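One structure is given here, and the rest of the page talks about it.
Computed from a predicted structure; not experimentally measured.
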Amino acid sequence: MLRDSAAGAERERYRIRYAELLNPAQLAAVCHRDGPLLVVAGAGSGKTRTLIYRVARLIESGVPPGAILLLTFTRRAANEMLRRVEDLLGEQARGVAGGTFHSFANTTLRRHGAVLGLKPNFTILDRSDMEDVLNLIRTRMGLASRDRRFPKKNTLAEVISMARNKRRKLTDEIVADFPHLAESEAEILKIAAQYESYKRERGLLDYDDLLERLVELLENHEPVRRRLAATYRYLMIDEYQDTNLVQAEIVRLLGTERRNVMAVGDDAQSIYSFRGANFRNILAFPALFPGTKVIKLEENYRSLQGILDVANEVISRASERYTKALFTQRRGEFRPLLVRAQDEHMQSRFVAQRVLELREEGVALNDIAVLFRSSFHSFDLELELQRRDIPFVKRGGFKFIETAHIKDVLAHLRVVANPTDPVSWLRILMLLPKIGHRGAERLIEAVASADDPIAALAEALARKTGERADEVTPGARLIALCKDLRDEAKTPADRVAMVLDYYLPLMREAYPDDYPKRERDLEHFHTITARYRSLEAMLADMALEPPSDSIGDVLAVDPEEGYLTLSTIHSAKGLEWRVVFLIWAADGRFPGPMSVAPDELEEERRLMYVASTRARDELYLTYPIQMFDRATGYVLGRASRFLEDLAPEILPAASLEEADDSQLPD
């Protein structure tokens, strides 16, 4: 009787039937009123729904909308949540403050920044503006010369920004994350100092300044902090696992006064350390706000239990985590499958064939995704999908044909097939020291009109640079390479190996900031070329530019059918598909060879968790047994260490067998 009367009172007070719309854990979070609250929300567990209904519940409880501040990581996410609250409550919900950390900092600094010496009309520099200012300073200091290797503007921006996001000294950041720039440390420090002076003299703030100056305001000006705490009595933060140390400090400073702070996130989905995110923020939240109530959302509304079993097993081995186990009410017997292929090309053919079968079974292409750890992992698959006329969109990173280093290598091969190709010659010649754009164009004129272009180029280079015929110079090495590439007995892979021997030293000079990553791209490209028997066939395939996000009627398919999605795991976070393939689930690729430190390995494990929880109905994890390594040749591949010890009843395995190899290109 008492329970019935309480339920009746609940219905009279609240228009929304919370208990009927939410599961018990969600309801507990939504009904929490005062004090710190941490909601550990597993993948697909309805965290956004929980946030929306808690905002609605607070308003229905009498909290003014303007007293609620909702912080997210994208403006679109904030606007969508506020729109959905208004859908629930109508005009009553208008006035909730919401936005990104940066937009909130911008508004606050324009209103209260005078105490910091800021004028309200300060200009915000976006990342591109920041890089341009750094490049201006770099040029003024005489560090933009081609005669000296020095970090480019985007690298300088990354180093400076990362140090600030991690709240560490610039010297410590260089040692920790950019040791290959150590020889330039003194100049980088001078550039950073001049950059700060440049901004302050001109009333400029970059993205990092917005957060840092807000912390300065909250720490050093108590009246302003108290005023903000009185205005925003309830603070809610989405995706808390993605906050950096500066953002966590903002939350602490804003929330200390009243302690009505709700953080929602999932430590198992913290995968953005390369942006400065610190997953330990969510682990440390209860210590930051003593007395925190912790609620776990473990019921998943997306995936079949077999998929969740794999995800649970992967993340259960994490060294630091909140213990939780995802479960679902969805019924289905499907178990994820670990698929072993003989080599990369068989892996690509399996994925393409299964995609075609799924399409015949009625699964739309836009409900299927292929995920991978790094962008270059999909290169071979892209070619196979093109060959089979399967339309696709790639998200995250560049397609291999669009990367400068792949274009450079291809240019050397294209002039073998067409010695008068001016575009390829321009790329090749611009790689040589002391050859600018104008000089390269004059050399191309000599090549274009010659009966023997290589001999003509050798003579023109000697005249321009004063090189002697017996000198081992970059120009002489280029001429020798061009002559060797003419050997028609060489396979495409042999020719690529010859180009790489010549090109890698030049690439390290041209791209000193990230050449290790580019070398891995080129190793993978070399593997792909082993499929081809003729240079012409390979160049023809490479000339077919893969579809991009702005696809027109590139392929003869019904546009209503949609496109298969290829995506890096980072770009897939927050998304879901009916069927997911995770390719290159092999040790040495996932985790990669550079991820050896404990923290890096743990983030790789979380990436595997994120990848597996994108699938609703079917999940295939594939890897090749034969893997190419440029230093040692082919090596025996094995499943990712995150998967290889899973019980077969959790993750059964299957090996592909070659049915017909007659499909290799001529």
Side-chain angles (χ1 to χ4, degrees), residues 16 29-30 32-39 47-115 118 120 122 124 205 207 210-219 221-240 242-243 246-265 285 289:
I16 299 171
V30 165
H32 179 85
R33 177 64 186 265
D34 294 328
L37 172 66
L38 174 63
V39 178
K47 73 172 182 63
T48 301
R49 184 180 182 84
T50 303
L51 272 166
I52 291 164
Y53 276 91
R54 182 164 189 256
V55 173
R57 177 87 174 194
L58 287 173
I59 294 171
E60 286 205 281
S61 299
V63 176
I68 302 170
L69 174 61
L70 175 61
L71 293 176
T72 66
F73 276 84
T74 67
R75 183 182 302 172
R76 183 172 63 180
N79 291 342
E80 175 64 15
M81 281 192 261
L82 297 180
R83 182 193 64 77
R84 288 173 63 180
V85 174
E86 286 191 25
D87 288 345
L88 291 173
L89 296 178
E91 292 186 6
Q92 181 185 2
R94 290 182 183 171
V96 175
T100 66
F101 278 90
H102 290 90
S103 65
F104 173 72
N106 175 47
T107 301
T108 303
L109 290 173
R110 291 192 190 279
R111 289 177 181 169
H112 305 290
V115 294
L118 287 174
F122 62 77
I124 298 174
L205 271 68
Y207 288 153
L210 290 172
L211 301 183
E212 287 186 340
R213 301 305 294 275
L214 177 58
V215 168
E216 181 184 350
L217 179 68
L218 297 173
E219 280 183 335
H221 299 278
E222 186 74 9
V224 175
R225 188 184 63 76
R226 287 184 175 274
R227 192 180 314 163
L228 290 170
T231 300
Y232 304 115
R233 304 195 323 252
Y234 291 87
L235 178 60
M236 303 168 72
I237 307 100
D238 189 21
E239 303 284 9
Y240 191 76
D242 292 335
T243 55
V246 182
Q247 290 161 330
E249 182 65 6
I250 291 170
V251 172
R252 184 188 72 80
L253 290 165
L254 284 173
T256 297
E257 188 80 15
R258 295 180 179 268
R259 303 182 73 251
N260 295 328
V261 183
M262 175 189 186
V264 181
F285 186 86
F289 293 98

Between the main-chain N or O of Gly35 and the side-chain N or O of Arg258, is there a donor-acceptor pair closer than 3.5 Å? no

Results of salt bridge (charged side-chain N to carboxylate O under 4.0 Å, His left out) for Glu60 - residues two or more places apart only: none

If every non-hydrogen atom of Val115 is compared with every non-hydrogen atom of Leu217, which pair is closest and at what distance? CG2-CD1, 3.4 Å

Scanning both residues in full, the closest heavy-atom pair of Val215 with Glu249 reads CG1-CG, 4.1 Å

What's the separation between atom CZ in Arg227 and atom OG1 in Thr108, rounded to the nearest 0.5 Å? 11.5 Å

Could you walk me through whether Val251 and Tyr240 satisfy the side chain to side chain contact (heavy atoms under 4.5 Å, CB included) test, starting with their C-alpha distance in whole Å, then the side-chain angles of each, then the deciding distance to 0.1 Å, before giving a yes or no? CA-CA 10 Å; Val251 172; Tyr240 191 76; 4.2 Å; yes

How long is the gap from CE on Met262 to CZ on Phe289, to the nearest 0.5 Å? 14.0 Å

Do the side chains of Leu205 and Leu118 get nearer than 4.5 Å, heavy atoms only? yes

Show your reasoning for whether side chain to side chain contact (heavy atoms under 4.5 Å, CB included) applies to Met81 and Asp238. CA-CA 10 Å; Met81 281 192 261; Asp238 189 21; 3.5 Å; yes

Hey, mind stepping through Ile59 and Val96 against side chain to side chain contact (heavy atoms under 4.5 Å, CB included) and telling me if it holds? CA-CA 9 Å; Ile59 294 171; Val96 175; 3.9 Å; yes

So Val39 and Lys47, do their side chains get closer than 4.5 Å, heavy atoms only? no

Counting heavy atoms not belonging to Glu222, are there more than 12 under 6.0 Å from its CD? yes

Work out which heavy atom in Asn260 is nearest to a heavy atom in Asp34; give both atom names and the distance. OD1-CA, 3.4 Å

Are Asn106 and Arg110 linked by a side-chain donor-acceptor pair shorter than 3.5 Å? yes

Closest contact, heavy atoms only, Arg233 versus Pro64: NH2-CD, 3.7 Å

Hey, could you give me the OG1/CG distance between Thr72 and Leu70, rounded to the nearest 0.5 Å? 6.0 Å

On the 0 to 90° scale, with breaks at 30° and 60°, tag the Phe104-Tyr232 ring pair as parallel, tilted or perpendicular. perpendicular

Gly98 versus Ala78, closest heavy-atom pair with distance: C-CB, 4.3 Å

Does the side chain of Thr50 come within less than 4.5 Å of Val264's, by heavy atoms? no

Mind listing the closest non-hydrogen atom pair of Gly255 and Leu235 along with its distance? N-CD2, 4.4 Å

N-O pairing of Glu86 and Arg83 below 4.0 Å: no

Criterion side chain to side chain contact (heavy atoms under 4.5 Å, CB included) on Arg57 and His32, from CA distance to verdict: CA-CA 9 Å; Arg57 177 87 174 194; His32 179 85; over 6 Å; no

Do the side chains of Arg94 and Leu82 get nearer than 4.5 Å, heavy atoms only? no

With a cut-off of 6.0 Å (strictly less than), are more than 12 heavy atoms of other residues, nucleotides or ligands near CZ of Arg111? no

How long is the span from the CG atom in Leu210 to the CG atom in Leu214, to the nearest 0.5 Å? 9.0 Å

Return the CZ to CG distance between Arg213 and Leu109, rounded to the nearest 0.5 Å. 7.5 Å

About how many Å separate CD1 of Ile250 and CD1 of Ile237, when rounded to the nearest 0.5 Å? 10.5 Å

